[in-house]
Amino acid sequence: MKIRNCLNPSKPSFSFEFFPPKTDAGVASLLRTVEELAPLEPGFVSVTYGAGGSTRDRTVELVTHIKKQSGIEAMAHLTCVGHTRDELRDVLRRLDAAGIENVLLLRGDPPQGQTKFEPVPGGFRYAEELVRFVREEDFNFCIGGACYPEGHVETASREDDLQHLKAKVDAGMDFVVTQLFFDNAFYFDFVERARRVGINVPIVPGIMPITNYEQVQRFTRMCGATVPMRLALQMERVKDQPDAVVQLGVAHATVQCMELLARGVPGIHFYTLNKSPATRMIVGALKGRS
Ligand code: FAD
């Protein structure tokens, strides 16, 4: 199934994002998480692409396994980092041969220790180039990409970032998924600005339930997402009580999702961090199953 066909505001889909674990034990635990989340009938799940090393093969293996074993549509992320176009073609061929129909194409972050992204010789500088490459080659993938309601961390201005997104979408993207955000106002404003410049593909909000105080601080530092003052103060107050942090994170994300659904989003993508409880609670509540 092509994901673009399940992104529909009249029947929004929930989707879950995982990362490829480094160890076999981690893989076994992730597959349990997938099993625990399966009863929520996700429209699709996705597996991120690592910065390098063995987890990259795991992305291909995991999406193949999940799709075959559980029947859930599984999308592979793929980045330009460290890859020549021949290597990228090879990964795409493996995905295609395994029956994977959807890919999320990204540039990726600069490797550790580098502040500026530099493509390898024969590689790509921007996600847009990778999208164009996949469209020009003999592939039939449904293509997703990333977008940034608060602006990408490297961009000089949100306006530039939006123009780059437009070029990326025009190169052949079917839908985009947002970076995580904790304040829906950023999403609604972004969608309005995107539509104004002619970006017409579905824009799926990405939601990360906060389950750990330090983790959310690390993520927001990395991706530049704003934590609303009230939520930050509430978190600060309960930061030494892990259960209270989870409850607060779940409550905040549930309210965010309710508003997003009420205003007609085509789906909601959850950054699960390979854990099921928080996502299960939120989606269970949204589906009236809690
Ligand atoms: P691009 O769209 O190429 O943009 C990168 C930067 O370049 C932006 O600042 C943009 O404004 C600028 N730019 C784009 N085109 C031009 C141009 N023509 N001229 C000048 N500037 C330009 N990372 C991973 O490593 N693995 C993953 O699996 C992964 N999954 C992700 C999933 C989602 C939903 C999101 C939101 C992010 C994900 N990331 C992942 C992180 C992502 O790789 C980083 O945010 C990365 O820094 C940017 O990738 P991109 O595809 O958005 O890049």
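Ligands are counted one by one from 1 in listed order, and the atoms in each one are counted from 1 as well.
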Colleague: Does ligand 1 have a heavy atom under 4.0 Å from the side chain of His269, from its backbone, from both, or from neither?
Modeller: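 No part of His269 is near ligand 1 at this cut-off.
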Colleague: List the closest protein heavy-atom neighbour of atom 47 (O) of ligand 1: residue, atom name, distance to the nearest 0.1 Å.
Modeller: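 Heavy-atom neighbour on the protein nearest atom 47 (O) of ligand 1: Asp109 OD1, 2.6 Å.
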Colleague: With the threshold set at 4.0 Å, does a side-chain nitrogen-carboxylate oxygen contact exist between Asp57 and Arg94?
Modeller: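 Judged by the 4.0 Å cut-off on N to carboxylate O distance, Asp57 and Arg94 do form a salt bridge.
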Colleague: Under a 3.5 Å threshold, yes or no: a donor from one side chain and an acceptor from the other, between Asp86 and Thr84?
Modeller: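 The answer is no; no qualifying pair exists.
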Colleague: Looking at Asp24 and Arg58, is any side-chain nitrogen of the basic one under 4.0 Å from a carboxylate oxygen of the acidic one?
Modeller: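 A salt bridge is present here (some side-chain N lies under 4.0 Å from a carboxylate O).
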Colleague: Counting only heavy atoms, which portion of Leu104 has something under 4.0 Å from ligand 1: side chain, backbone, both, or neither?
Modeller: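 Just the side chain.
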Colleague: Does Thr48 approach ligand 1 within less than 4.0 angstrom via side chain, backbone, both or neither, non-hydrogen atoms only?
Modeller: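 Both parts.
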Colleague: I'd like to know if the side chain of His77 pairs up with that of Thr59 as donor and acceptor (distance under 3.5 Å, no hydrogens or angles considered).
Modeller: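 No, no side-chain donor-acceptor contact under 3.5 Å.
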Colleague: Would you mind listing which atoms of ligand 1 come within a distance below 4.0 Å of any non-hydrogen atom of Asp161?
Modeller: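 Listed by number with element: 8 (C), 9 (O), 10 (C), 11 (O).
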Colleague: Heavy-atom contact under 4.0 Å between Gly206 and ligand 1?
Modeller: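 No; Gly206 lies far enough from ligand 1 that no heavy-atom distance drops under 4.0 Å.
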Colleague: Using 4.0 Å as the upper bound for N to carboxylate O, is an ion pair formed by Glu154 and Arg107?
Modeller: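 A salt bridge is present here (some side-chain N lies under 4.0 Å from a carboxylate O).
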Colleague: Look at Arg196 together with Glu192 and state whether they make a salt bridge at an N to O cut-off of under 4.0 Å.
Modeller: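 Salt bridge between Arg196 and Glu192, a charged N being under 4.0 Å from a carboxylate O: yes.
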Colleague: Please identify which atoms of ligand 1 are closer than 4.0 Å to at least one heavy atom of Val177.
Modeller: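 Numbered from 1, ligand 1 contributes 34 (C).
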Colleague: Please list the nearest protein heavy atom to atom 35 (C) of ligand 1 with its residue and the distance rounded to 0.1 Å.
Modeller: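 Looking only at protein heavy atoms, the one closest to atom 35 (C) of ligand 1 is Ala146 CB, 3.5 Å.
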Colleague: Heavy-atom distances under 4.0 Å decide this one: backbone, side chain, both or neither, for Tyr271 against ligand 1?
Modeller: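 The answer is the side chain of Tyr271.
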Colleague: Suppose we measure from atom 12 (C) of ligand 1 to each protein heavy atom; which comes out shortest, and what is that distance?
Modeller: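 Here the closest protein heavy atom is His164 ND1, 3.6 Å.
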Colleague: Would you mind telling me if ligand 1 is within reach of the side chain of His152, the backbone, both or neither, using heavy atoms under 4.0 Å?
Modeller: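 Under 4.0 Å from ligand 1, His152 contributes side-chain atoms alone.
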Colleague: May I ask you to list the atoms of ligand 1 that are less than 4.0 angstrom from any heavy atom of Gln179?
Modeller: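 Numbered from 1, ligand 1 contributes 36 (C).
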Colleague: Please work out which of the three classes, parallel, tilted or perpendicular, describes the rings of Phe141 and Phe139, given edges at 30° and 60°.
Modeller: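 Because their plane-to-plane angle lies in the 30° to 60° range, the rings of Phe139 and Phe141 count as tilted.
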Colleague: To the nearest 0.1 Å, how far is atom 45 (O) of ligand 1 from its closest protein heavy atom, and which atom is that?
Modeller: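 Ranked first by proximity to atom 45 (O) of ligand 1 is Tyr148 OH, 2.7 Å.
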Colleague: Protein heavy atoms near atom 4 (O) of ligand 1, is at least one of them under 4.0 angstrom away?
Modeller: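 So atom 4 (O) of ligand 1 lacks protein heavy-atom neighbours under 4.0 Å.
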Colleague: Of all the non-hydrogen atoms in the protein, which one sits nearest to atom 7 (O) of ligand 1, and at what distance?
Modeller: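 The protein heavy atom lying closest is Tyr126 CE2, 3.5 Å.
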Colleague: Fit a plane to each ring of Phe133 and Phe124, take the angle between them on a 0 to 90° scale, and name the class: parallel (under 30°), tilted (30 to 60°) or perpendicular (over 60°).
Modeller: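 Tilted.
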Colleague: What protein heavy atom sits nearest atom 39 (N) of ligand 1, and how far off is it?
Modeller: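 Of every protein heavy atom, Leu106 CD2, 3.9 Å lies nearest to atom 39 (N) of ligand 1.
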Colleague: I need the nearest protein heavy-atom contact for atom 51 (O) of ligand 1: residue, atom name and distance, please.
Modeller: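 I find the closest protein heavy atom is Arg107 N, 2.8 Å.
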Colleague: Is it true that Tyr187 and Gln256 share a donor-acceptor pair across their side chains at a distance under 3.5 Å?
Modeller: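 The criterion, which ignores hydrogens and geometry beyond distance, is not satisfied for Tyr187 and Gln256.
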Colleague: Any donor-acceptor pair under 3.5 Å linking the side-chain atoms of Arg56 with those of His83?
Modeller: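 His83 vs Arg56: donor-acceptor pair found between side chains.
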Colleague: Strictly below 4.0 Å, N to O, side chains only: are Glu101 and Lys67 in salt-bridge contact?
Modeller: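 Yes, Glu101 and Lys67 are salt-bridged.
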Colleague: Can you list the ligand 1 atoms lying under 4.0 Å from a non-hydrogen atom of Thr79?
Modeller: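 In order of numbering, the contacting atoms are 24 (C), 25 (O), 26 (N).
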Colleague: Looking only at protein heavy atoms, which one is nearest to atom 43 (O) of ligand 1, and what is the separation?
Modeller: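 Closest protein heavy atom to atom 43 (O) of ligand 1: Gly108 CA, 3.0 Å.
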